[in-house]
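First comes the structure, then the notes that go with it.
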Amino acid sequence: MFENKPELTLEEAKKALDLAAEQVERNLAEFTDNCQNHSSVHLKYPKCNNDQWTCGFWPGEVWLAYEHTGKAVFKKAALHMVDSFDYRIRNKIAVDHHDMGFLYTPSCVAAYKLTKDEKAKEAAILAADQLLARFQPKGGFLQAWGSMGEAGNYRYIIDCLLNLPLLYWASEVTGEEKYKETAHKHITTCLKYSVREDGSTYHTFLMDMESGAPIRGETCQGYKDDSFWARGQAWGVYGTAISYTYTKNPEYLDTFRRTAAFYLKRLPDDLVPYWDMIFTEGDEPRDSSSASIVACGFLEAAKYLPKEEAGQYRRLAAQMLKSLVDHYAVTDFEKSNGLVLHGTYAKKSPYNTCTPEGVDECVSWGDYFYMEALTRFVKEWEMYW
Ligand code: GLY
């Protein structure tokens, strides 16, 4: 299936990043004092307050635009946004959930890595502390949603693999082991129960509050409990690759390979998955964000894999990116203020529990990971994660 697919060239990747940075610059006026909503509405992102789990992605795009162009206007805007993230964590605004990594890595860890901004570093460490407070020793996991120990919410979700890098980073900068130890306990539980025999994944996993024993996998945003929510699979692929980078635990690389292999088997012809990979053809919406996330995972894991295998993953990433750049990227800035079309946040099915929103729209993380994947493609990139 993959042999004859065209690959993105270096020149095309640079051009795509030029275009993305141009769009980000156009959006600065509207989104420097305001956050960008999690998804677009009729392809235009509305403004929002800094109170969604997704607010970190837009500043991440601004940092990536800064890296690509070197323009001071991006650095100034992204540093300005650090104030809002600092205020949010100090005042505990909408932080009673596990998404501290999604929020604080592309906004504040990026700011610290690129500029050594101390306020950004302190805010990100506070966010890591907030995430640690979500740890449930009975069962050994970071609780995703709701009040701690709330009935029905004694669960973790596969997405949390992308919150763990904040903990690894916090251990590095503070010298305190507690952050990475908690990450280790969480990922151990997650890989044991959330990854199925065939390499597919459950979105959420419920644990027994009294005994800490596993109960069952359930979906929220996928089609049904035993289907293959595309983004959950993508979080699995990229999350295991990053955890390998930090720990060099071979089990994570093994799980990377298994989740990647399953993902590849369920792709339609243009290499951009349907929102749930139970669908492999037809009119269901796609989730383009999953393709960008997986491309990032392939390019990260390729750094550590044997040469031939690394080459295969790099080639696959180049093929996926070619499809995204040629057929999914926004090229008409009047039509959309986003970067990538055909993302899906949450689609209602007869069997799932999600609130439907952002179906076949631009999604904030889709735009961010598209830029990240292109950046990884054009240079040796020190990751924000
Ligand atoms: N982390 C939630 C999502 O991927 O939609």
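In listed order, ligands and their atoms are each counted from 1.
For residues 344-366, the salt bridge (charged side-chain N to carboxylate O under 4.0 Å, His left out) pairs, not counting sequence neighbours, are E284-K347.
When hydrogens are left out, the protein atom nearest atom 4 (O) of ligand 1 is R231 NE, 2.7 Å; that is the closest non-hydrogen contact.
In terms of polar-atom proximity, defined here as any N/O pair under 3.5 Å, W53 makes no such contact with ligand 1. Considering backbone and side-chain N/O of W365, none are found under 3.5 Å from N/O of ligand 1. Between Y345 and ligand 1, not a single N/O pair is under 3.5 Å apart.
In summary, R90 and D86 engage in a salt bridge, as defined by a charged side-chain N under 4.0 Å from a carboxylate O. Classification of R26 and E22 as a salt-bridged pair fails, no side-chain N sitting under 4.0 Å from a carboxylate O. A salt bridge does not link D270 to K5: none of the charged nitrogens lies less than 4.0 Å from a carboxylate oxygen.
Here is the list of ligand 1 atoms found below 4.0 Å of a heavy atom in D159: 1 (N), 2 (C), 3 (C), 4 (O). Atoms of ligand 1 found under 4.0 Å from any heavy atom of Q221 (numbered from 1 in listed order, with element): 3 (C), 5 (O).
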Donor-acceptor contacts under 3.5 Å from residues 147-154 side chains, at least two apart:
from: E150; atom 1: OE1; to: N153; atom 2: ND2; distance (Å): 2.5
from: Y154; atom 1: OH; to: K138; atom 2: O; distance (Å): 2.8

